[in-house]
Amino acid sequence: MDIYKKYAEQLVETGHAYYEETEQGVAIRQKMPTVGETTFYDVLHGNITIANSELEDQVLLKSDGMPTYNFANVVDDHLMEVSHIIRGTEFITSTPKHVLLYEFFGWELPTFIHLAPVMGKAADGSISKLSKRHGATSFNDLIEAGYLPEAITNYVALLGWSPKNSCQEIFSMDELIKNFSLDGLSKSPAVFDYAKLDWMSGEYFKAMSDENFAQAAEKYFADFDEPRKIFLASLLKTRVAKLSDIPAMIDFLKNLPPFDAELFSNKRNKVTPQKSAEILKPAIKLLETVDDWSLVTLNEKISAFVTESGLKVGTVMWPLRIALSMQKVTPGGVTEILYLLGKKDSLERLNDALRNLQ
RNA sequence: GGCGCCUUCGUCAAGUGGUUAAGACACCGCCCUCUCACGGCGGGGUCAAGGGUUCGAAUCCCUUAGGCGUCACCA
């Protein structure tokens, strides 16, 4: 603390600051020039000029002996030999005060770069500085939601910066460091777009190995054995934007949604509840005879079944998937679900569905 | 209110006097397909407005509008 006091007093001696006595105690204020203007160079914005008459005599050292931010940042940055000051645009208007301080002390000016803030779009369409009310916004919030740190960094880097002579969007941390340059920065505020973050995040998941994805999603795969975890990973990694999407996608494997005959109707595949029952019956018979409950075998058996039936693939698969999952959309097809469920559960679900259909 | 910063598709953005104004996300359509997704192909959509300067303006100048910020013994 003493060092700030020392510098503040030095300014008083040189006539650039003065003591102010109030009920609160004694403070030191910076004496601003009343005429002229102060100009500083910002890498992004060029020269910025503000009339000195706009500047108020700001407090440097508070009556409790603590320095104000506007004073401390100048002293600190000089002492720490900071060469580039990169901060938000909200500091632009106070920068002339800092610049004057540097001049009073005879210190070398650092390079200033004022970046635009990241904005958020509210439900009503209004745009303002990104904050809690826009949803998960801090890095930790996003991690919590199941985005990969690399994906978040990559996305945020592209908010306000873009590579020169390139349209590349996916950057590893190394590439980011290597490609980053000041002249790729943009001056205008950028709106944080969750849809694009989702896309980019998905790209990262798709690029992962099944093993790594399974590991990242570990907490959601607790109910499955090792081979099934890896298999689930292969199915899920191309369909997920964030890890927290997983539970809703695989819940049906543990908890079968209530029976709904309507789901068995599908126009495109020419399936009706009645037709479904006709298909389910022989299919169950066939599956009961399968001992090697593996993906390849299951696939072979079902393909053969389809061929024998003379029906279209979709016509056969539709009722099976509905019976097994009770939902129109599932990660993976019939064979995959059969495998994940195991023989016992699969047959149980199939039989229940058949019974309910009749 | 004074002062300052900002303004290219819905969003992120290339672009720095002559381009059919890139690309990405999103959206729509088609293809692939046992659903969704993935993948492939294609489509609509943008220079805030008005004045100049110029043979020629998204690019330069002025004005207006809008957005944001700042005017603390906060950081």
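We use all heavy atoms of the structure for the numbers below, so side chains are in, but hydrogens, waters and symmetry mates are not. Each chain gets a letter, A, B and so on, in the order the sequences are listed, and its residues count up from 1. Note that the structure is predicted; figures quoted are calculated from it, not measured.
- At the phosphate of B:G39, OP1 or OP2 sits under 4.0 Å from a side-chain N or O atom of A:K206.
- If you check B:C3, B:A24, B:C5 against the side chain of A:E169, the one that comes closest is B:A24.
- With the nearest nucleotide of RNA chain B identified for both A:G332 and A:L44, A:L44 has the one nearer the 5' end.
- Spacing between atom OH of A:Y339 and atom C1' of B:C34 amounts to 20 Å, rounded to whole angstrom units.
- Between B:G15, B:G4, B:U35, one nucleotide has an atom nearer to the side chain of A:K164 than all others, and that is B:G15.
- Considering only side-chain atoms of A:C167, the nucleotide from B:C6, B:C73, B:G23 that sits closest is B:G23.
- Taking atom C1' on both B:U46 and B:A21, the two are 9 Å apart, rounded to the nearest angstrom.
- The A:K187 side chain lies nearest to B:C6 when the options are B:C12, B:G2, B:C6.
- Nucleotide B:C34 is matched to nothing when pairs are restricted to Watson-Crick or G-U wobble geometry with both distances under 3.5 angstrom.
- Contact annotation: A:S186 reaches the phosphate of B:A13 (side-chain N/O to OP1 or OP2, under 4.0 Å).
- Residue-to-nucleotide contacts include no donor-acceptor pair under 3.5 Å from the side chain of A:S162 to the base of B:C12.
- Look at the P atom in both B:A24 and B:U19: the space between them is 23 Å, to the nearest Å.
- Here the side chain of A:T68 pairs a donor or acceptor atom with the backbone of A:V59 at under 3.5 angstrom.
- Using Watson-Crick or G-U wobble geometry with both donor-acceptor distances under 3.5 Å, B:G69 finds its partner in B:C3.
- Across all strands shown, B:U63 forms a Watson-Crick or G-U wobble pair with B:A49, both key distances being under 3.5 Å.
- Of all nucleotides listed (B:G69, B:C34, B:A75), B:A75 comes nearest to the side chain of A:F91.
- Between the side chain of A:S63 and the base of B:C73, a donor-acceptor pair under 3.5 Å is found.
- The nucleotide B:C55 finds its pairing partner in B:G18, both defining distances of the Watson-Crick or G-U wobble pair being shorter than 3.5 Å.
- Out of B:A24, B:C34, B:A26, the shortest distance to the side chain of A:T335 is found at B:C34.
- Residue contacts for A:I127: at a heavy-atom cut-off of 4.0 Å it reaches the sugar-phosphate backbone alone, with no base atom in range.
- The phosphate of B:C38 has neither OP1 nor OP2 within less than 4.0 Å of any side-chain N or O from A:K237.
- When heavy atoms are screened at a 4.0 angstrom cut-off, A:V191 is found touching the sugar-phosphate backbone but no base atom.
- Among the candidates A:L235, A:I250, A:L295, the single residue satisfying the side chain to side chain contact (heavy atoms under 4.5 Å, CB included) test with A:L340 is A:L235.
- Taking atom P on both nucleotides, B:G44 is separated from B:C6 by 34 Å, rounded to a whole Å.
- Comparing B:G4, B:G15, B:A75 by their closest approach to the side chain of A:T68 singles out B:A75.
- Between A:E56 atom CD and B:G2 atom C1' there is a gap of 11 Å when expressed in whole angstrom units.
- For the pair A:K242 NZ and B:C25 P, the interatomic distance rounds to 18 Å; values are reported in whole Å.
- Comparing B:G29 with B:A65, their C1' atoms sit 38 Å apart, to the nearest whole Å.
- At a cut-off of 3.5 angstrom, counting only N and O atoms as typed in the model, there is no donor on one side facing an acceptor on the other between the side-chain of A:K196 and the base of B:A26.
- For B:C38, neither phosphate oxygen OP1 nor OP2 lies less than 4.0 angstrom from any side-chain nitrogen or oxygen of A:R239.
- The CG-P distance, from A:L55 to B:U70, rounds to 16 Å in whole Å.
- Surrounding CG of A:N165 are at most 12 heavy atoms belonging to other residues, nucleotides or ligands under 6.0 Å away.
- When distances run from any side-chain atom of A:A27 to the nucleotides B:C73, B:A75, B:G10, the shortest one goes to B:C73.
- Computed from coordinates, the A:N52 CG to B:C71 C1' distance equals 15 Å when rounded to whole Å.
- When rounded to the nearest whole Å, the span between CD of A:E336 and P of B:C38 equals 17 Å.
- For the C1' atoms, the distance linking B:U59 with B:A14 amounts to 13 Å, nearest Å.
- In this entry B:C25 has B:G10 as its Watson-Crick or G-U wobble partner, both defining distances falling under 3.5 Å.
- Between the side chains of A:Y220 and A:D245, no donor N or O sits under 3.5 Å from an acceptor N or O.
- Between B:G67 and B:C30, the distance separating the two P atoms is 41 Å to the nearest Å.
- For A:V240 against A:F205, the heavy-atom pair with the smallest separation is O-CD1, 3.5 Å.
- Distance check on atom C1': B:A58 versus B:G4 gives 24 Å, rounded to whole Å.
- Taking for each of A:M66 and A:E90 the nucleotide of RNA chain B with the nearest heavy atom, the 5'-most of the two is the partner of A:E90.
- For the pair A:R228 and A:F221, the cation-pi criterion (under 6.0 Å, within 45° of the ring axis) is not fulfilled.
- Of the candidates B:G23, B:C73, B:U35, the closest approach to any side-chain atom of A:T330 belongs to B:U35.
- For A:R268 against B:U33, a side-chain N or O and a base N or O form a donor-acceptor pair under 3.5 Å.
- Remark: aromatic rings of A:F91 and A:Y69 are close, center separation under 6.0 Å.
- Remark: C1' of B:C36 and CG of A:L263 are 14 Å apart, rounded to the nearest angstrom.
- Put simply, A:H114 has no side-chain N or O that comes within less than 4.0 Å of OP1 or OP2 on B:C5.
- Distances were taken from every side-chain heavy atom of A:K62 (C-beta onward) to each of B:C5, B:A75, B:U8; the shortest belongs to B:A75.
- Note: CD (A:Q327) to P (B:U35) measures 15 Å, nearest angstrom.
- For the atom pair CG (A:L185) and CD1 (A:I86), the distance works out to 7.5 Å, reported to the nearest 0.5 Å.
- How far CG of A:N154 is from OG of A:S172: 8.5 Å, rounded to the nearest 0.5 Å.
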